[in-house]
Amino acid sequence: MKVSSTQNGYISYSDENLRRRLLLFVSVTTALFPTLSSSGKTKSTNPYDEKRLLEQNKRIQRENNAPEEFPSFVREGFQVKVVASENYIKCDSGLIYRDFEVGKGDCPKDGQQVTFHYVGYNESGRRIDSTYLQGAPAKIRLGNNALVPGFEEGIKDMRPGGKRRIIIPPELGPPVGPSTFFSSKQFEVFDVELLGVQNCQRRTIAFYSDVVCN
């Protein structure tokens, strides 16, 4: 993953039920944090208006019990600015992330299966979905378009035991439209814990073929 240093869901599973559980992510948030520019700038050039939007967003996040140092989104219509602390890193692709724990071992590769827990939030810090609440982690193979591009990019350079917050911009998010339950220009935030990485191989028995990971 290429990153540029700064100073200042949806996950599509082969399991249709898991895919449907990640619903529409909506908006708004605030801050004493520097800004990470993202998909456009807000129309407003008035510092007072921007401060007001940030305060409004933070208030909504507090009401939603958003986790500590949750990013803010200064939004006017489809124009949005991400506001986050210096601990966040912005990638060349537009993905933004922060590592809480790095983990140990090798990063996953295409064809391998990753096992992970996640908590998904909308822009206002409201929790949308959680594998912890479901009682079982998610499992998926990388490299077969089973994950949203931003999520796959965010998890690919994690190490087992690592914990990371991933901020996925709309251009790296899911398909949008009435049939997908997702609106355009919405950011998604995921707290991810990578539990393990497994090698996979295809086996064929008579006319039956499948992939086994262990």
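Not measured: the values here are computed from a predicted model.
Remark: Arg203 engages Asp210 in a salt bridge, criterion side-chain N to carboxylate O under 4.0 Å. The pair Glu55-Arg59 does not count as a salt bridge, with every side-chain nitrogen at least 4.0 angstrom from each carboxylate oxygen. Salt bridge status for Lys156 with Asp110: present, with a side-chain N to carboxylate O gap under 4.0 Å.
Taking the six-membered ring where the residue is Trp, Phe116 and Tyr118 present tilted rings, their angle falling between 30° and 60°.
Side-chain atoms of Thr115 never come within 3.5 Å of backbone atoms of Lys139 as a donor-acceptor pair (strictly under, hydrogens ignored). One N or O on the side chain of Glu152 and one on the backbone of Gly143 form a donor-acceptor pair closer than 3.5 Å. Checked by atom type and distance alone, the side chain of Asn64 never pairs as donor or acceptor with a backbone atom of Ala66 at under 3.5 Å. Side chain of Asp49 to main chain of Arg52: no donor-acceptor pair is present (N/O by atom type, distance under 3.5 Å, no hydrogens or angles). Judged by distance alone, the side chain of Glu123 and the main-chain N or O of Phe187 form a donor-acceptor pair under 3.5 Å.
Side-chain contact check for Glu63 versus Ser124: every heavy-atom pair is 4.5 Å or farther apart. Val114 has its side chain within reach of Leu142: a pair of non-hydrogen atoms, C-beta onward, lies under 4.5 Å apart.
In summary, the side chains of Gln112 and Asn199 do present a donor paired with an acceptor at a separation below 3.5 Å, with no hydrogens or angles considered.
Ring centers of Phe151 and Phe190: under 6.0 Å apart, within the cut-off. Taking the six-membered ring for Trp and the full ring otherwise, Tyr97 and Tyr88 have centroids separated by 6.0 Å or more.
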- Message: Evaluate Leu133 against Arg127 for side-chain contact (heavy atoms from CB on, under 4.5 Å), listing each step before the verdict.
- Response: CA-CA 11 Å; Leu133 295 180; Arg127 185 176 63 197; 3.6 Å; yes
- Task: Could you go through the side-chain contact (heavy atoms from CB on, under 4.5 Å) check for Val74 and Val80 one step at a time?
- Result: CA-CA 5 Å; Val74 182; Val80 63; 6.0 Å; no
- Message: Determine whether Gln113 and Ile140 satisfy the following criterion, side-chain contact (heavy atoms from CB on, under 4.5 Å), listing intermediate values before the conclusion.
- Response: CA-CA 5 Å; Gln113 178 176 270; Ile140 202 72; over 6 Å; no
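Closest heavy-atom contact between Ile168 and Ile166: CG1-CG2, 3.7 Å.
Each of Asn65, Asp191, Val189, Ile167 was compared with Phe70 under the side chain to side chain contact (heavy atoms under 4.5 Å, CB included) criterion, and only Val189 meets it.
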Check residues 98-108 and write down every donor-acceptor pair under 3.5 Å in which the side-chain atom is one partner and the other belongs to a residue at least two apart or another chain.
from: Arg98; atom 1: NH1; to: Glu69; atom 2: OE1; distance (Å): 3.1
from: Arg98; atom 1: NH1; to: Glu69; atom 2: OE2; distance (Å): 3.4
from: Asp99; atom 1: OD1; to: Arg164; atom 2: NE; distance (Å): 2.7
from: Asp99; atom 1: OD1; to: Arg164; atom 2: NH2; distance (Å): 3.2
from: Asp99; atom 1: OD2; to: Arg164; atom 2: NH2; distance (Å): 3.1

